[in-house]
Amino acid sequence: MPYDIAVVGGGPAGLSAAINARARGKSVVVVGNDYRESPLYRAERVDNYLGMPGQTGAELMEAYRRHAEAMEVDFCAGRVLNIMQMEGTCYLSIGSEMEMAKAVVLATGVVRGKKLPGEARYLGQGVSYCATCDGMLYRGKPVVVVGMAPDAPEEANFLQGIGCQVTYVSAHAPKNLIPAIPHMKSGKLEIVGEETVTALRVNDTELPAQCVFLLRSAMPPTDLLPDLALEDGYITVDRQMRTNLPGIYAAGDCTGLPLQLSKAVGEGLVAGQAAAEYVDQLSNS
Ligand SMILES: Cc1cc2nc3c(=O)[nH]c(=O)nc-3n(C[C@H](O)[C@H](O)[C@H](O)COP(=O)(O)OP(=O)(O)OC[C@H]3O[C@@H](n4cnc5c(N)ncnc54)[C@H](O)[C@@H]3O)c2cc1C
């Protein structure tokens, strides 16, 4: 059975959408990274959140999470890599897993950082965003993991465990990486190849690789839904937080400025309620 609503991203906008959809009696799953990965979690002090000045971002995120759990929101840990819509159902690929929902709220925040040179050219031909989906194709072969998400070392360990020859590249020394995996400090990165990927260039060094796994915390929304309309890089929405695609809503930083907590929470409320109304209309049609 599909959920009524799937929310992509477990930050303030996503959790606000989730609890407000639950308040309308809808089944809701939030697909996201650990809530401690929301940028808000790093805020030392938030002074412009009405009625609650002086809280830390961590305190607020923990309170949001407790609230969502108390409202019986379901949680699914992982990154959504792709969303497909077919006959009124949305199919969300989460690594090698799948969730289904009648409506989706995108609450993905802002994706910082550009695509790497060669990334788009070699996607599916030696560039992957998912170790568990594609790792088996590269058993016994050299691969590079570019770790940009906190769970990336675990994914690299998984690849090494199934027999890939892994090199790990990241800006900071990773925690929890098994000693058998060499680590190289990140620099200017470029994916190079011929028909398929042959190496990752790090500054002037070429690391041979048949696959480069790019493990980020967030995905640009148009990677999830290529037909999504954007304006200045942000998802275009109307006052109901509807996107140009039926059944797809968006809220929070991903819809544009100001990139602030109160706006994220408010838009989450509107998106959650509007998505719930959409699900009601589907059931009555
Ligand atoms: C250091 C700092 C201090 C701040 N201080 C303040 C302040 O004082 N006042 C204020 O109003 N605002 C402040 N902000 C801004 C505030 O944190 C943001 O506006 C707010 O977090 C936006 O919420 P959001 O839910 O839209 O996005 P986010 O909080 O960014 O949450 C989005 C979540 O979605 C996840 N995600 C993205 N793509 C996917 C995918 N494909 N699959 C699964 N999950 C995905 C991301 O990893 C992230 O966890 C601060 C931000 C920072 C970084």
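Just so you know, these numbers use all the heavy atoms, side chains as well, and skip hydrogens, waters and symmetry mates. Indexing begins at 1, ligand by ligand and atom by atom, following the structure's order.
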Keeping S38 on the side-chain end and Y35 on the backbone end, is there a donor-acceptor pair under 3.5 Å?
no

Distance col, row R242:CZ vs Y278:OH, nearest 0.5 angstrom, shows 11.5 Å

Listed partners of N48 passing side-chain contact (heavy atoms from CB on, under 4.5 Å), at least two apart:
V46, Q260

What residues come within 4.0 Å of ligand 1, counting heavy atoms only?
V8, G9, G11, P12, A13, V31, G32, N33, S38, P39, L40, A43, R45, V46, N48, G78, R79, V80, A107, T108, G109, S217, A218, M219, G252, D253, L259, Q260, L261, A264

Which residue pairs pass the side-chain hydrogen bond (donor to acceptor under 3.5 Å, both in side chains) test when at least one of the two sits in residues 84-109, sequence neighbours left out?
D4-K102

Sorted by first residue and then second, give each salt bridge (charged side-chain N to carboxylate O under 4.0 Å, His left out) pair with at least one member in residues 151-170; sequence neighbours left out.
R79-D151

What distance do N203 atom CG and K185 atom NZ have between them, rounded to the nearest 0.5 Å?
10.0 Å

